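Note that this is a predicted model, so its numbers are computed, not measured. Quick note on labels: first sequence line is chain A, next is B, and so on, each numbered from 1. Heavy-atom basis, side chains included; hydrogens, waters and symmetry copies ignored.
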Amino acid sequence: MRAFYDRPTLEVVGDLIGKVLVHQRRGVRTSGVIVEVEAYIGESDPACHAAPGPTPRNQPLYGAPGHAYVYLNYGIHYLVNVVTEAHGSPAAILIRALGPLEGVDVMRRRRGRPGKPAVHDDDLCRGPGNVTRAMGITLAENRLDLTGDRLFVEDRRIDAGPIAWGPRVGIRVGTEQPWRAYVVGQRAVSGKRVDSSAGRLATSR
DNA sequence: CGTTCGATGCACT
DNA sequence: GTGCATCGAACGT
């Protein structure tokens, strides 16, 4: 459904929390409840990749809504966004954390490092770099049409808890905008953990 | 618990 | 050449 993404970005943010992100390739399916996202909106947003104007890398931001924007960050991590707003209006939403649902065994394998202790299930998709590693998302998924059957958001909502908004994290500029949304108390949300007992999804063990 | 810091590739100036 | 929309290991408290 293209129209879902063809709207003001902050509206999409609110509707994205609690929905299920799915990636399937070569018969391997992984999915998780979206519990943390950040909006990057327009050339006037200094933290948005569109801030310098159109470049080869940020071209997906200027394209049609409902497509993926994936890029390599710090030379190490892939970060995945969903492109929003009308064609020519550069904006996107960064997927920062998921509560694992399907393919948890695959996620454990992708996140596991030889000789290291196993990653806790709540940490499998905690942080944007971990989301892509656990989901198997790379540059190959850049520009993918999210209305297709390979990478998409399911049209169902899981009540994971109350939603809160705050400043975006991990950026040096543009921190005054409260464009980060997350599920309060959910274990997979990045940053300091407030409560140690609440927020575990029944589905994510 | 907390903070610091190195890894690592590439877009952009 | 500079600086990241990060992660996790290593160390200090």
Side-chain angles (χ1 to χ4, degrees), chain A residues 5 9-10 12-13 16-17 21 32 34-63 65 67-85 89-98 100 107-144 146 151 164-182 187-197:
Chain A
Y5 302 98
T9 302
L10 295 181
V12 183
V13 165
L16 219 43
I17 296 285
L21 181 70
I34 300 172
V35 295
E36 182 189 4
V37 298
E38 283 176 358
Y40 291 86
I41 308 173
E43 296 179 349
S44 59
D45 174 5
C48 182
H49 280 187
T55 67
R57 180 177 68 159
N58 67 26
Q59 194 178 332
L61 296 177
Y62 289 86
H67 288 256
Y69 171 48
V70 183
Y71 71 98
L72 181 64
N73 184 53
Y74 288 100
I76 303 174
H77 309 286
Y78 297 109
L79 270 55
V80 61
N81 299 250
V82 301
V83 174
T84 56
E85 315 235 351
S89 177
I93 299 169
L94 171 70
I95 308 296
R96 288 192 60 89
L98 307 172
M107 293 183 182
R108 291 195 194 105
R109 198 179 324 136
R110 287 171 173 160
R111 288 294 317 282
R113 306 286 290 159
K116 305 270 175 60
V119 178
H120 191 280
D121 284 2
D122 293 325
D123 294 331
L124 287 172
C125 301
R126 187 172 192 246
N130 292 331
V131 167
T132 55
R133 182 162 289 283
M135 298 280 286
I137 295 172
T138 69
L139 243 33
E141 278 69 40
N142 192 27
R143 300 166 179 266
L144 260 193
L146 299 176
L151 181 64
W165 295 72
R168 296 171 293 181
V169 299
I171 52 177
R172 320 283 297 235
V173 291
T175 52
E176 64 281 351
Q177 305 290 358
W179 289 350
R180 170 175 179 252
Y182 57 98
R187 300 284 300 172
V189 173
S190 64
K192 287 185 296 187
R193 275 162 173 162
V194 194
D195 186 349
S196 56
S197 61

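With rounding to whole Å, R96(A) atom CZ is found 7 Å from dA5(C) atom C1'. Whole-Å rounding puts the L61(A) CG to dA5(C) P distance at 13 Å. Rounded to whole angstrom, the span from the CD1 atom of I76(A) across to the P atom of dG6(B) amounts to 13 Å. Between the CD atom of E38(A) and the P atom of dT6(C) there is a distance of 8 Å, given to the nearest Å. When the C1' atom of dA7(B) is taken as reference, atom CZ of R133(A) falls 13 Å away, rounded to whole Å. Rounded to an integer number of Å, the gap from L79(A) CG to dC10(B) C1' is 14 Å. Here dT8(B) presents its C1' atom at 9 Å from NE2 of H77(A), a figure rounded to the nearest Å. When rounded to the nearest whole Å, the span between OH of Y78(A) and P of dC7(C) equals 15 Å.
The nucleotide whose nearest atom lies closest to any side-chain atom of P52(A) is, among dT13(B), dA7(B), dC7(C), dT13(B). Listed nucleotides dA11(B), dA5(C), dG8(C) differ in distance to R57(A); the shortest reach to its side chain belongs to dA11(B). The side chain of T55(A) approaches dA11(B) more closely than any other nucleotide in the set dC7(C), dT8(B), dA11(B). Listed nucleotides dC4(C), dC10(B), dC7(C) differ in distance to L72(A); the shortest reach to its side chain belongs to dC10(B). For P56(A), counting side-chain heavy atoms from C-beta on, the closest listed nucleotide (dC12(B), dT6(C), dT8(B)) is dC12(B).
Comparing R111(A) and R172(A) against DNA chain C, the residue whose closest nucleotide sits nearer the 5' end is R172(A).
A distance cut-off of 5.5 Å between ring centres, combined with a plane angle under 30°, leaves Y74(A) outside any stacking arrangement with the base of dG9(B).
The base of dA11(B) has none of its N or O atoms less than 3.5 Å from a complementary donor or acceptor on the side chain of N58(A).
Annotation: dG8(C) and dC10(B) have their C1' atoms spaced 22 Å apart (nearest Å).
When all heavy atoms of L61(A) and V83(A) are compared, the pair lying nearest together is O-CG1, 4.1 Å.
A donor-acceptor distance shorter than 3.5 angstrom exists from the side chain of N58(A) to the backbone of G53(A), with no hydrogens or angles considered. A side-chain donor-acceptor contact under 3.5 Å links R110(A) to the backbone of A134(A).
In terms of the ring pair (Phe, Tyr, Trp, His ring centres under 6.0 Å) criterion, H77(A) has no residue partners (sequence neighbours excluded). Under the side-chain hydrogen bond (donor to acceptor under 3.5 Å, both in side chains) criterion, Y40(A) pairs with E38(A), not counting sequence neighbours.
Remark: T9(A) OG1 to I41(A) CD1 distance equals 4.5 Å, nearest 0.5 Å.
Comment: R111(A) does not engage D121(A) in a salt bridge, judged by the lack of any side-chain N to carboxylate O separation of less than 4.0 angstrom.
Between R113(A) and dA9(C) there is no side-chain N or O to OP1 or OP2 distance below 4.0 Å. Distances shown here put a side-chain N or O of N130(A) below 4.0 Å from the OP1 or OP2 atom of dG8(C).
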Dot-bracket notation for DNA chain B, counting Watson-Crick and G-U pairs under 3.5 Å, with | for partners on another strand: |||||||.||||.
Derivation and outcome, side chain to side chain donor-acceptor pair (under 3.5 Å), residues H49(A) and Y69(A): CA-CA 11 Å; H49(A) 280 187; Y69(A) 171 48; 2.7 Å; yes
